[in-house]
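Labels below follow one simple rule: chain letters A, B, ... track the order of the sequence lines, proteins then strands, and each chain is numbered from 1.
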Number of protein chains: 2
Amino acid sequence: MMDDQRRSPCPVSCTLDVIGDKWTLLIIRDLLLGKSHFSEFQKSPEGIATNILSNRLARLVDHGIVEKYPSTSNPGRDAYRLTAKGKALRPVLRAIVKWGLEHIEGTSRELDQPES
Amino acid sequence: MMDDQRRSPCPVSCTLDVIGDKWTLLIIRDLLLGKSHFSEFQKSPEGIATNILSNRLARLVDHGIVEKYPSTSNPGRDAYRLTAKGKALRPVLRAIVKWGLEHIEGTSRELDQPES
DNA sequence: GGAACAACTTGCATAATGCAAGCATTCAAG
DNA sequence: CTTGAATGCTTGCATTATGCAAGTTGTTCC
């Protein structure tokens, strides 16, 4: 559950050890948008492979960013949601969305704040 | 110089296609801290391999985030600096630093704003 | 000219990613 | 029941990226 061996005590480096890849923040984006099921993440337009999705969800749970719970709306199924620690990543996502919209042409917004 | 093929038009996805790895944002951190030479990036505590550093610098130049210029202070040597597009990533770094400091124990600050 | 340094490049082993397929539950219909 | 479809994964394997060490090129500096 803790860090195995960090590259340095720098907060940037340590944060990137957790979210520094092409997929993790996309899953967090989806969670912030209200998605909660494995298949919902899978259906996102980027097309994440199921083994990577599975791996990232497990990593996020390990790091206390996401928690797994039994879905009430869809009984018997698993679901995922952000913890407080995970929700605290919203400003990071917001900054990334802003930069993308302003500096990469052809991007269009889709992240708002659906709920806390 | 442009995007080859993006995964989706989402600004998060497109931004991660550029900076979504464990090393790129560390280089940008160093640039924001005023570092400009290849060997300075190499000396950062995380210990980036030279081939990856070389690859990432080239990618960043391709994406218009960093520009190469002949060093005046150290004549005959190459140097790198952020473009306006690159400097615009500062809020992303700031959000990451903040999250790291608040949610990962044992991290200590080192990013301030040395200059614009 | 030759040592020292900076900035890379190359080669190769290991790890991560991408893709397709397979497996175990659950649930609803027949 | 028992099939059949859907969900939530896991496994196998090819491809790509990363990590490490070593080698190469181009300057300065004496």
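Closest to the side chain of B:Asp78, out of C:dC8, D:dC9, D:dG8, is C:dC8. When distances are taken from the side chain of B:Phe38 to each of C:dA7, D:dC20, C:dA6, the shortest belongs to C:dA7. Checking D:dC9, D:dG12, C:dA6 against the side-chain heavy atoms of B:Ser39 singles out C:dA6 as nearest.
Applying side-chain hydrogen bond (donor to acceptor under 3.5 Å, both in side chains) to B:Asp17 and the options B:His63, B:Arg7, B:Arg6 leaves one that passes, B:Arg7.
Between A:Lys68 and the phosphate of D:dC9, there is a side-chain N or O to OP1/OP2 separation shorter than 4.0 Å. Of the side-chain N and O atoms in A:His37, one or more sit less than 4.0 angstrom from OP1 or OP2 of D:dG8. Proximity of A:Arg56 to the phosphate of C:dT17: a side-chain N or O atom is located under 4.0 Å from OP1 or OP2. A close approach under 4.0 Å does occur between a side-chain nitrogen or oxygen of A:Ser54 and OP1 or OP2 of D:dT10.
Note on B:Asn51: a base of the nucleic acid sits closer than 4.0 angstrom, heavy atoms only. Residue contacts shown for A:Tyr80 are limited to sugar-phosphate atoms, with no base heavy atom under 4.0 Å away.
Distance A:Ile52 CD1 to D:dA17 P: 13 Å, rounded to the nearest Å. The separation between B:Ile48 atom CD1 and D:dA17 atom P is 15 Å, rounded to whole Å. Separating the CD atom of B:Glu40 from the C1' atom of C:dC8 is a distance of 16 Å, rounded to the nearest angstrom. Separating the CD1 atom of A:Ile27 from the C1' atom of D:dC9 is a distance of 14 Å, rounded to the nearest angstrom. Between the CD atom of B:Glu46 and the P atom of D:dG19 there is a distance of 12 Å, rounded to whole Å. Taking atom CZ of B:Phe41 as the reference point, atom C1' of C:dA6 lies 13 Å away to the nearest angstrom. Look at CD on A:Gln42: it is 13 Å from P on C:dC19, rounded to the nearest Å. One interatomic measurement links the two molecules: CG of A:Leu53 to P of D:dT11, which rounds to 16 Å at whole-angstrom precision.
In terms of modelled atom types and a separation under 3.5 Å, the side chain of B:Ser8 and the main chain of B:Cys10 share a donor-acceptor contact. Within the 3.5 Å criterion, the main-chain N or O of B:Trp99 finds no donor-acceptor partner in the side chain of B:Glu102. In this structure, A:Thr107 contributes its side chain and A:Gly100 its backbone to a donor-acceptor pair below 3.5 Å.
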Pairs under 3.5 angstrom only: tabulate donor-acceptor contacts from the side chains of residues 50-58 of chain A to other protein residues two or more places apart or in another chain.
residue, atom, partner, partner atom, Å
A:Arg56, NE, A:Asp21, OD2, 3.1
A:Arg56, NH2, A:Asp21, OD2, 3.4

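Shown here are the side chain to side chain donor-acceptor pair (under 3.5 Å) partners of B:Glu67, two or more places apart in sequence or in another chain: B:Arg81.
Of all the residues in residues 13-23 of chain A, not one reaches under 4.0 Å from DNA chain D with any non-hydrogen atom.
In this structure, B:Lys85 places its NZ atom where more than 12 heavy-atom neighbours from other residues, nucleotides or ligands lie under 6.0 Å away.
Closest-nucleotide positions on DNA chain D for A:Arg7 and A:Leu57 were compared, and the one nearer the 5' end corresponds to A:Leu57.
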